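The structure displayed is predicted, hence computed values, not measured ones. The basis for the numbers below is simple: all heavy atoms, side chains too, and nothing from hydrogens, waters or symmetry mates. Each chain gets a letter, A, B and so on, in the order the sequences are listed, and its residues count up from 1.
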2 protein chains.
Amino acid sequence: MRDVPFARRPITINPVNSPTSGQCEDCDARHVGLCDALSDEDIGFLARVAQRVVIPAGKTFIEEGDPASHFYDVNQGNVRVFKSLADGRRQVTGFMGVGDFLGLAVSAQYAFSAEAITDVNLCRFERAPLLQVFAEFPALERKLLDVATHEMVIAQEQMLLLGRKTAIERVTSFLMSWLERSEPFPVGASKPAAAKLSLPMSRTDLADYLGLTIETVSRSFSQLKRDGLIAFTDVHEVTLLKPQRVAALTAGDR
Amino acid sequence: MRDVPFARRPITINPVNSPTSGQCEDCDARHVGLCDALSDEDIGFLARVAQRVVIPAGKTFIEEGDPASHFYDVNQGNVRVFKSLADGRRQVTGFMGVGDFLGLAVSAQYAFSAEAITDVNLCRFERAPLLQVFAEFPALERKLLDVATHEMVIAQEQMLLLGRKTAIERVTSFLMSWLERSEPFPVGASKPAAAKLSLPMSRTDLADYLGLTIETVSRSFSQLKRDGLIAFTDVHEVTLLKPQRVAALTAGDR
DNA sequence: GCAGCGGCTTGCGCTAAATCAAAGCAGAGA
DNA sequence: TCTCTGCTTTGATTTAGCGCAAGCCGCTGC
């Protein structure tokens, strides 16, 4: 949303190329999407039902209630997934980033909307053919089940946050989980002394994710600043000065 | 599920009752568990990894953080699924009833606890062997993916409720969704003039499910009573006198 | 029958967060 | 450079829902 003169740039769609190479070059080693469930030579089959899509920041590319035609792998950028009420109240159910899979919470229609926060690169799979491919490669289906399982865990965690945590607990919980996502390989038990985090989403997104108002989110951040636990270099870049003490405010599980 | 229930073969591992009859009388025609993904003769294979379990009301049978050893199908009674914080705050993430599947929101450990609300009959499947069976019967895995998908939709709906709805919207939303679960076959578009609902869970459960206090739940019910929209014959039995008008208070989706 | 107990309801302040309002602030365009 | 615009922060006030406390209601056991 920030660097957005291109809010009207079109969505581009391309075939996934180089099935011959056996590599989907959009998917890097840390990709947790569909690709890493397959061997190199099998990825070519996946490419048969895949397209690459580029979404400009701010664009809605999944609309709640529309027929659920595609799955998506996020290859670049960040996405907000949300539901909304008739009067405009909005609940962001998740932020998706590189390697995340999109399109499981679905019956015949999408149960959610999705918008690009930054410019976003996606791999798009048509649902029907993909379900065919499952028959050939059960590993894919297993992968999807694993993804769904993991999403359920996160969803329940979020319900706990939304139903029972205070404002500061919500904000610190978010910071710690976002830290974890940003550092997929924590390496050892020791938390670093400080960690810099990019927060691509707006305060409004954050508020709608945490079930708060932007003012309350802002005030919570300010309090954490005052207490010397975090610092902002930019509105969208926070440093956890005392990760331990931030973590202590999350009212962790159990 | 189909007319023919769980097993044409005896349940071999822990036959609680009537294996000789060749029928799992616990699974009635409306069962939406694992069984209905399989043909009659294949169900026998499922039985290889199944046990029947009876849980008395109030008993905790899944403890958050314990190694995730089993899946469960609910065959009788009601279950509350929840997470809790160190200080005792609790979030009920769902109420499970006949036909519901339990145990997906799991990594190596259970991410939730589960307790019997009423006396409960379960079919229990060991995870490891069940995953083996998947190889033989991919339909099972597909079924599980469908279940997970459906759970995701419900979870997101609940996040919207917890993050953005008012007390009365939460209570009426619950009533309408519980009504839907209780009447799996709505038959035609017309809502009945009145519908009687059994609410097996306590007010505390309800409060912890809706992210409210018992007092607020009670007050919301009282207001709906005052407005002539519902009536209680018993604390655990409510009648929706004006389902339409109750539905109008839910702040429905989109 | 009735005393005790656990769960539910009701009344009454109280408070965390929402709402309303007014500045800051930084990037985009002229 | 300066202004405009959209986002963010901060302050003042309001309020929906909380927390406490008292009373109620229906069961259980004596």
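The side chain of B:Thr213 has D:dC18 as its nearest neighbour among C:dT9, C:dA17, D:dC18. For A:Ser218, whose side chain is taken as the heavy atoms from C-beta onward, the closest listed nucleotide among D:dT8, D:dG17, C:dT10 is D:dT8. You'll find that the side chain of A:Arg219 is closest to D:dT10, out of D:dT10, D:dC18, C:dA17. Comparing C:dT10, D:dG17, D:dT10 against the side chain of B:Thr216 picks out D:dG17 as the nearest. Comparing atom distances between the A:Glu215 side chain and each of C:dT10, C:dA17, C:dT19 picks out C:dT19 as nearest. Listed nucleotides: C:dT9, D:dC18, D:dT9. Nearest to the side chain of B:Arg203: C:dT9.
Each of A:Ile214 and A:Arg164 was assigned the nucleotide of DNA chain D with the nearest heavy atom; the assignment lying further toward the 5' end belongs to A:Ile214.
A:Asp253 is listed as a side-chain neighbour of A:Leu160, based on a closest heavy-atom distance under 4.5 Å. Between A:Asp66 and A:Ile62 the shortest side-chain heavy-atom distance does not fall below 4.5 Å.
Regarding A:Asp205, its CG atom lies at a distance of 12 Å from the C1' atom of D:dC7, rounded to whole Å. Atom-to-atom, NZ of B:Lys165 to P of D:dA16 comes out at 18 Å; the value is rounded to the nearest Å. The CG atom of B:Asp208 sits 17 Å away from the P atom of D:dG17 (whole-angstrom rounding). Across the protein-nucleic acid pair, A:Leu212 atom CG and C:dT19 atom P stand 11 Å apart, rounded to whole Å. What separates CZ of A:Phe232 from C1' of C:dA26 is a distance of 16 Å, to the nearest Å. Atom CE of A:Met201 is separated from atom P of D:dC7 by 16 Å (rounded to the nearest Å). Rounded to a whole Å, the CZ atom of A:Arg170 is 14 Å from the P atom of C:dA16. One can place CZ of A:Arg226 at 11 Å from C1' of D:dT9, the figure rounded to the nearest angstrom.
The ring of A:Phe125 has its center no closer than 6.0 angstrom to the ring center of A:Tyr72. Two rings, from B:Phe221 and B:Phe232, have their centers less than 6.0 Å apart.
For B:Thr250 (side chain) and B:Glu169 (main-chain N/O), no donor-acceptor pair under 3.5 Å exists by modelled atom type.
B:Trp178 and B:Phe95 have perpendicular rings, their planes meeting at more than 60° on a 0 to 90° scale where under 30° would count as parallel.
Residue A:Thr204 has no polar side-chain atom (N or O) positioned under 4.0 Å from OP1 or OP2 of D:dC7.
The terminal axes of the helix from C:dG1-D:dC30 to C:dA30-D:dT1, fitted over 5 pairs per end, subtend an angle of 30° to the nearest 10°.
A donor-acceptor pair shorter than 3.5 Å cannot be found between the side chains of A:Ser113 and A:Lys83.
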